[in-house]
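Data first, discussion second: the structure below is written as structure tokens.
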Amino acid sequence: KDEKFQIRLLICLEKKGDNDLLISAINSARSNIPSSQAIINREVNFYISINDQEGLKNSLNSAIQSDAENPFLHFALGTALQSLGDDEGAASAYLKAIDLNPDYFDAHNNLASMYNDQSNVLIEKMNKLGSGSSDQRKYDSYKKKRNSLYNQIIPHLEECIRLEPNNITMLNLLKKMYYSIGDVKNTKRIKKIIDSL
């Protein structure tokens, strides 16, 4: 039941490189201390390192079944799914973590960041277009999708600012998004906050 001992054991087994022994120790540690964030992180990193997507998902889903009200488990699942390229699954997991703990800064931040990465892909496509009518139609379509993503990002950035009012990085990103979607009132509001810092 000693978390520090379990972590030291897992680190030693990671260095040894015996994956069978390591997964056995991870399973034992998880059953002895099921809500340990440090052990769950080791487990997640193990499955990512051996590129076992199914093992990773099964492990976290199993943990969630035994502790469904633990927001960290949903957050860990979201992080894992995002790293595996499953943005839809990751968003669902992050939203569940937020539902369980509305003040979960990292879940709001990761969700906003993931959507922002998607919007950056659209912006790159927009910037590569020419000036012809066909390209203009594509540009308008990409812009509409980008703005839709911004509208999904903004509430999570607002929550991040509520939780960390002086986070200048978040404030600047939020100001940029309000400006991009043409929300002058909120652009000015955020600029005023930035100027006061």
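Side chain of Ser28 to backbone of Ala25: no donor-acceptor contact under 3.5 angstrom is found. At least one donor-acceptor pair closer than 3.5 Å links the side chain of Ser180 to the backbone N or O of Lys176. No side-chain donor-acceptor contact under 3.5 Å links Asn116 to the backbone of Ala112. Checking side-chain atoms of Ser36 against main-chain N and O of Ile33 turns up no donor-acceptor pair under 3.5 Å. Formation of a donor-acceptor pair under 3.5 Å by the Ser113 side chain with backbone atoms of Asn110 is not found in this model. With Lys138 contributing its side chain and Met126 its backbone, the two residues share no donor-acceptor pair below 3.5 Å. Without hydrogens or angle criteria, His108 side chain to Pro102 main chain gives a donor-acceptor distance under 3.5 Å.
In plain terms, the two heavy atoms of Ala91 and Met114 that are nearest each other are CB-CE, 3.7 Å. Across Pro71 and Ala97, no two heavy atoms sit closer than the pair O-CB, 3.5 Å. The two atoms that bring Ala76 and Leu60 nearest to each other are O-CD1, 3.8 Å, heavy atoms only. When every heavy atom of Ser119 is checked against every heavy atom of Arg146, the shortest pair comes out as CB-CG, 4.1 Å. For the pair Tyr139 and Leu129, the tightest heavy-atom approach, listed with the atom from each and the gap, is N-CD1, 3.4 Å. The shortest heavy-atom contact between Thr187 and Asp183 is OG1-O, 2.6 Å.
Between Leu111 and Ile98 the shortest side-chain heavy-atom distance falls below 4.5 Å. Two residues are said to be in side-chain contact when any heavy atoms from C-beta on lie closer than 4.5 Å; Asn58 and Tyr47 fail this criterion. No side-chain heavy atom of Asn167 sits less than 4.5 Å from a side-chain heavy atom of Leu171. Taking the side chain as every heavy atom from C-beta outward, Asp99 and Lys96 approach each other to under 4.5 Å. At a threshold of 4.5 Å between non-hydrogen side-chain atoms, the residues Met170 and Asn109 count as touching. Put simply, the side chain of Lys125 reaches to within 4.5 Å of the side chain of Val121, judged on heavy atoms. Two residues are said to be in side-chain contact when any heavy atoms from C-beta on lie closer than 4.5 Å; Leu173 and Thr169 fail this criterion. Using a 4.5 Å heavy-atom cutoff, the side chains of Tyr94 and His74 are not in contact.
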- Message: Please determine whether side-chain contact (heavy atoms from CB on, under 4.5 Å) holds for the pair Tyr104 and Phe72, giving the CA-CA distance in whole Å, both sets of side-chain angles, and the decisive distance to 0.1 Å.
- Response: CA-CA 9 Å; Tyr104 204 147; Phe72 174 76; 3.4 Å; yes
- Could you go through the side-chain contact (heavy atoms from CB on, under 4.5 Å) check for Asn186 and Arg189 one step at a time? CA-CA 5 Å; Asn186 279 309; Arg189 175 177 63 87; 2.8 Å; yes
- Item | Working for side-chain contact (heavy atoms from CB on, under 4.5 Å), residues His156 and Leu95 | CA-CA 10 Å; His156 297 289; Leu95 288 169; 4.0 Å; yes
- Message: Working note: Glu158 + Ile154, criterion side-chain contact (heavy atoms from CB on, under 4.5 Å); need CA distance, chi angles, decisive distance, verdict.
- Response: CA-CA 6 Å; Glu158 287 282 7; Ile154 285 170; 4.2 Å; yes
- Query: Between Asp87 and Gln82, is a side-chain hydrogen bond (donor to acceptor under 3.5 Å, both in side chains) present by the stated rule, with each step listed?
  - Reply: CA-CA 5 Å; Asp87 287 357; Gln82 185 178 352; 5.5 Å; no
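Cluster annotation: Leu73 and Leu100 are assigned to distinct hydrophobic clusters (Ile/Leu/Val/Met/Phe/Trp/Tyr, side-chain heavy-atom contacts under 4.5 Å, transitive). In the hydrophobic clustering of this structure, Leu174 groups with Leu197; members are Ile, Leu, Val, Met, Phe, Trp, Tyr whose side-chain heavy atoms approach within less than 4.5 Å, directly or through other members.
The distance from the CD1 atom of Ile153 to the CD atom of Gln118 is 8.0 Å, given to the nearest 0.5 Å. Put simply, OH on Tyr150 and CE on Met177 are 5.0 Å apart, with the number rounded to the nearest 0.5 Å. To the nearest 0.5 Å, atom CG of residue Asn27 and atom CG of residue Leu22 are 9.5 Å apart. To the nearest 0.5 angstrom, Lys192 atom NZ is 15.0 Å from Lys175 atom NZ. One finds the CG atom of Leu13 at 11.0 Å from the CZ atom of Arg42 (value rounded to the nearest 0.5 Å). One finds the CD1 atom of Ile190 at 6.0 Å from the OH atom of Tyr178 (value rounded to the nearest 0.5 Å).
Salt-bridge formation is not detected for the pair Lys144/Asp140: no Lys NZ or Arg NE/NH1/NH2 atom is positioned less than 4.0 Å from an Asp or Glu carboxylate oxygen.
Sparse packing is recorded around OH of Tyr179, with 12 or fewer heavy atoms of other residues, nucleotides or ligands lying under 6.0 Å away.
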